[in-house]
Each structure stands twice: as structure tokens, then as C-alpha cells.
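Remarks on the structure that follows.
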Number of protein chains: 2
Amino acid sequence: MTGHNFSSKREAIFKKIASTKSHPSAKWVYEELKDEIPNLSLGTVYRNIALFKEQGRVITVANVNGEERIDADTSDHAHFVCECCNSVYDLISSEQSPLEKQLVQNGFEIKRKNVVFYGICKKCSTN
Amino acid sequence: MTGHNFSSKREAIFKKIASTKSHPSAKWVYEELKDEIPNLSLGTVYRNIALFKEQGRVITVANVNGEERIDADTSDHAHFVCECCNSVYDLISSEQSPLEKQLVQNGFEIKRKNVVFYGICKKCSTN
DNA sequence: ACAGAAAACAGGAATGATTACTGTTTTTAA
DNA sequence: TTAAAAACAGTAATCATTCCTGTTTTCTGT
């Protein structure tokens, strides 16, 4: 398997993702890092995000305006996407679902769940 | 506003979407219809799906392998996406969420929610 | 029913996120 | 240190979706 080697860029990419609560896109990560890491390439960011996902260190939160938004907080929690400012908010407690038990009883294997609310956030509605 | 006029193609597209429980992609709808509707164009399918979404007659269910999957059943229900066969299943009862009340109390306006489970369906795991 | 006007459409080009490819650089492991 | 393996930069390719332009359908008032 790939991804067992150390790589300074890989570490920098993960740290950047883990350092923010903005639920960034690949492009955001690239833009943030390209100054401090000369000749970083966007492909490297994508490749490493794909690896982090395989490793379970990063999850996909939502697709906002065609861009995939990710999160290094892999704990069970839901999200709110503001359709006005495109912010993604964390929602602390995820609902405990009777659906999950039902699925497992019917022979479905759940690998992950994704709960997203869409709407207008407080900041946008009061401006 | 657009979309108030009758259009035979528009009606055919909506009926096709509403006739299936497969949670189709735009391309699937196009492939299904192109034989019975000569010179239907994929752009027309996309344009009308966008309109149906504005009108609230169709919802986005999930993005599966880069393709947006839609549903003409706009009632409140969750979905299961099989990562093996890419089938999308309906889950009858959607969970009632304490998060929703919490969001509204904090000034967030919820327009829609999206609950998706990802995993391996029974059919795939027994084959 | 008929004539503009408005809305939809076909077909193809453009966009933009993501992935693939190739030659070079880093990292590993002995 | 050194050769093999893994990562990488840079760029080209892919592919879903959107945009554009000239044509066709639909609508509305007569």
C-alpha cells in the first residue's frame, strides 16, 4: 500500500486541514500553503487528500458549489451549509438514528453517515 | 421567472424522473429518453433539472462517483448509498432531529436537510 | 387561426474540479 | 552511499456541468 512513507508536504497538508474549522476545499488548502511551500502543486494536495480519506483521517463533509469540502474532525457530528456565504458549520451532537439499527438488521454494512442541513446562517440573515 | 411555460420535453423529463426509484443522474435520464425523444439534448435535461430543483419538485440526494443523483420524492426521508454497486436506497422514516430545533433557536434558517448513509448493501455483501 | 414576442431547445463550445501521466526529486532501507 | 520505491511538479486529459447562438415551440392578443 501507498502512503507509508514520510513526506514533509504530506504532513504540512494534513496539519493545514486539521488546523482549521472552515471545512476547506482542496484549492483552499493549496492556496494557504503555496506561499510557505514553494512549488507545491495542486495535484499533490488532491493526491494526499485522497490518501487521508482512505486512511480515515479525513472525511468528506459536503459538496458546496461543485467543490468538495473536507474535515479532519472525523468524530460523529453533523454540518450546516449556508447557501448564502458557503460557510460550513459544525453541529455538535449528531442524532442517534433508529435507521442505523434497521439497516444493520437488514444486512447493510454502514461505513459512514453524513448529515447536512442547508439554509441561511444567522450571520447572513441579519446582514 | 422562467419555467412557467409548457414544454413537452420538460414534462417527459419530469415524468421519467418521477417514474423511477433509482435516484437517477442527469445522464441516466437523458439516456432513457433519447430514443423516444429524437434530438433531445443533455443540456435540456440539465436545464430542466435545475428548474425542478428551484421549484422544489426535485431534490439532490447525493453525489455518487462525481455524478449528482436526484429524487422526485421530496418527502422527508434518508438514503443509503452502496459504495459497491452505486445503488441509492430510500430509507423510510427520517429521524426527527433535536439539532433542527437548536439551529432555529440560534437564528439559522433551515431550507432542507440531507441524511445519507454510505456502505455496502445486502445484495453486494452476499455476492 | 395568425403574428410577433417570449421561452425552450439543439448542438457544440467552454468551464472548472479532479485525475492521470511523465520525467524529476525525496525518502527509504540496506 | 546508493539503488529502489514513493512522492512530487507541472502539465495534459477527463468528465460532469454550464454557457452560447442560432433555431424551434409555445404563448398571447387579435
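So that the names make sense, note that chain A is the first sequence line, chain B the second, and so on, each numbered from 1.
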By side-chain contact (heavy atoms from CB on, under 4.5 Å), which residues pair with B/C85, not counting sequence neighbours?
-> B/C82, B/S87, B/C121, B/C124
Report the residues that fulfil salt bridge (charged side-chain N to carboxylate O under 4.0 Å, His left out) with B/K16, sequence neighbours left out, ordered by chain and then residue number.
-> B/E32
Nearest-neighbour nucleotide for the A/N39 side chain, D/dG10, C/dA10, C/dT18 considered | D/dG10
Who pairs with A/E11 by side chain to side chain donor-acceptor pair (under 3.5 Å), at least two apart in sequence or on another chain?
-> none
Provide the full list of ring pair (Phe, Tyr, Trp, His ring centres under 6.0 Å) pairs with a residue in residues 24-43 of chain A, sequence neighbours left out, each pair given once.
-> none
Are A/N65 and C/dG16 close enough that a side-chain N or O sits under 4.0 Å from OP1 or OP2?
-> no
Counting only side-chain N and O atoms of B/K9, is one of them less than 4.0 Å from OP1 or OP2 of C/dA10?
-> yes
Quick one: which of C/dA8, C/dT18, D/dC8 gets closest to the side chain of A/L42?
-> C/dT18
Give me the bend of the helix from C/dA1-D/dT30 to C/dA30-D/dT1, using the axes of the five pairs at each end, rounded to 10°.
-> 40°
Please set out all donor-acceptor pairs under 3.5 angstrom arising from side-chain atoms of residues 43-50 of chain A, sequence neighbours excluded.
residue : atom : partner : partner atom : Å
A/T44   : OG1  : A/S41   : OG           : 3.3
A/T44   : OG1  : A/R47   : NH2          : 3.1
A/N48   : OD1  : A/R10   : NE           : 2.6
A/N48   : ND2  : A/T44   : O            : 2.9

Among all residues two or more places apart in sequence or in another chain, which pass the ring pair (Phe, Tyr, Trp, His ring centres under 6.0 Å) test with B/F14?
-> B/F52
Between C/dT18, C/dA10, D/dA9, spot the one nearest the side chain of B/L40, thanks.
-> C/dA10
Sub-4.0 Å heavy-atom contacts from residues 12-28 of chain A onto DNA chain D, ordered by number = none
Just to confirm, is there a sub-4.0 Å distance from OP1 or OP2 of C/dT18 to any side-chain nitrogen or oxygen of A/Y46?
-> yes
Going by heavy atoms closer than 4.0 Å, what residues in residues 56-64 of chain A are next to DNA chain D?
-> none
Please work out which of the three classes, parallel, tilted or perpendicular, describes the rings of A/F108 and B/F80, given edges at 30° and 60°.
-> perpendicular
When rounded to the nearest 0.5 angstrom, what is the spacing between CZ in B/F117 and CD in A/Q102?
-> 9.5 Å
Using side chain to side chain donor-acceptor pair (under 3.5 Å) as the criterion, list what pairs up with A/S22, not counting sequence neighbours.
-> A/T20
Separation of D/dT18 atom C1' from B/E67 atom CD, nearest Å, is 16 Å
Please name the residue in the list B/I17, B/I59, B/V61 that meets the side chain to side chain contact (heavy atoms under 4.5 Å, CB included) test with B/I70.
-> B/I17
Between D/dT17, C/dC9, C/dT18, spot the one nearest the side chain of A/E68, thanks.
-> C/dT18
Hey, could you give me each pair passing salt bridge (Lys or Arg N to Asp or Glu O under 4.0 Å) that has a residue in residues 56-73 of chain B? Not counting sequence neighbours.
-> B/K53-B/E68
Please write out each protein N/O paired with an N/O of nucleotides 20-27 of chain C under 3.5 Å, distance rounded to 0.1 Å.
residue : atom : partner : partner atom : Å
C/dT27  : O3'  : A/F6    : O            : 3.3

